[in-house]
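Since the structure comes first, as structure tokens, the remarks are kept for the end.
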Amino acid sequence: MAADAPVQWPVRVTARIVTAYALRFDDLRASVDVIDEFTVDGGHKSRAVCGPCNRQVAELPQAFRDDALDAAAEHAKTCMAMPQPTGEGGGDAEVQDQV
């Protein structure tokens, strides 16, 4: 994926940090997203979630959003997980059909 290809961010994602995999293989789908959302009790929280390894690396009250950003950046430095196959281009879909 070319570095200048547009990548659309999901709703509520307010920060996106590319992972070591993304930098090494020029694949911007590999990122740790910081998601700001409302809680059930009416508060706010910030979560840092790594898309490729599907790991939540932080969940904190929004007052500590900077800590969630730091946790996201720390995880992204070393994460080499590949993004999930999307089925685009035929290759991934063919593998799925054979399973």
Side-chain angles (χ1 to χ4, degrees):
M1 175 179 282
D4 58 350
V7 176
Q8 195 155 26
W9 289 17
V11 176
R12 296 188 310 273
V13 171
T14 58
R16 179 166 271 183
I17 301 167
V18 296
T19 65
Y21 175 90
L23 295 173
R24 171 111 191 238
F25 296 103
D26 195 25
D27 187 346
L28 296 180
R29 296 175 303 149
S31 64
V32 181
D33 292 343
V34 176
I35 304 161
D36 293 330
E37 51 196 9
F38 292 102
T39 60
V40 176
D41 62 0
H44 296 85
K45 68 179 177 181
S46 295
R47 294 186 306 127
V49 179
C50 181
C53 69
N54 200 28
R55 180 174 169 220
Q56 182 167 294
V57 295
E59 182 173 342
L60 300 163
Q62 197 166 20
F64 298 97
R65 185 173 185 279
D66 288 346
D67 293 336
L69 284 166
D70 290 344
E74 193 63 33
H75 178 79
K77 282 183 199 176
T78 58
C79 183
M80 289 296 289
M82 294 172 37
Q84 295 289 324
T86 60
E88 296 172 7
D92 297 330
E94 290 172 15
V95 172
Q96 292 296 328
D97 290 342
Q98 294 173 4
V99 175

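Just so we're clear, the structure is a prediction, and the values are computed from it rather than from any experiment. The first residue of the sequence shown is numbered 1, and numbering continues consecutively from there.
Judged by distance alone, with hydrogens and angles left aside, the side-chain atoms of Asp33 form no donor-acceptor pair with the main-chain N or O of Ile35 at under 3.5 Å.
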Met80 and Phe25: side-chain contact (heavy atoms from CB on, under 4.5 Å), yes or no, with the steps?
CA-CA 10 Å; Met80 289 296 289; Phe25 296 103; 3.9 Å; yes

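Heavy-atom minimum distance, Thr14 versus Arg65: OG1-NH2, 2.6 Å. Scanning both residues, Ala72 and Val34, for their nearest heavy atoms gives CB-CG2, 4.0 Å. Smallest separation of non-hydrogen atoms from Gln84 and Arg29: O-NH1, 3.6 Å. The minimum heavy-atom distance between Ala68 and Leu60, with the atom names listed, is N-CD1, 3.6 Å. Listed here is the closest heavy atom pair of Cys53 and His75: SG-NE2, 3.4 Å.
Taking 4.5 Å as the limit, some side-chain heavy atom of Ser46 sits within range of a side-chain heavy atom of Asp36.
Under the 4.5 Å side-chain heavy-atom criterion for grouping Ile, Leu, Val, Met, Phe, Trp and Tyr, Val13 is not connected to Ile17 through any hydrophobic cluster.
Within the model, atoms CZ of Arg47 and CD of Gln56 stand 5.0 Å from one another, a figure rounded to the nearest 0.5 Å.
Within a 6.0 Å radius of CE in Met82, no more than 12 heavy atoms belonging to other residues, nucleotides or ligands are found.
Here the options are Cys79, Pro52, Pro83, the test is side-chain contact (heavy atoms from CB on, under 4.5 Å), and the partner is Tyr21; only Pro83 passes.
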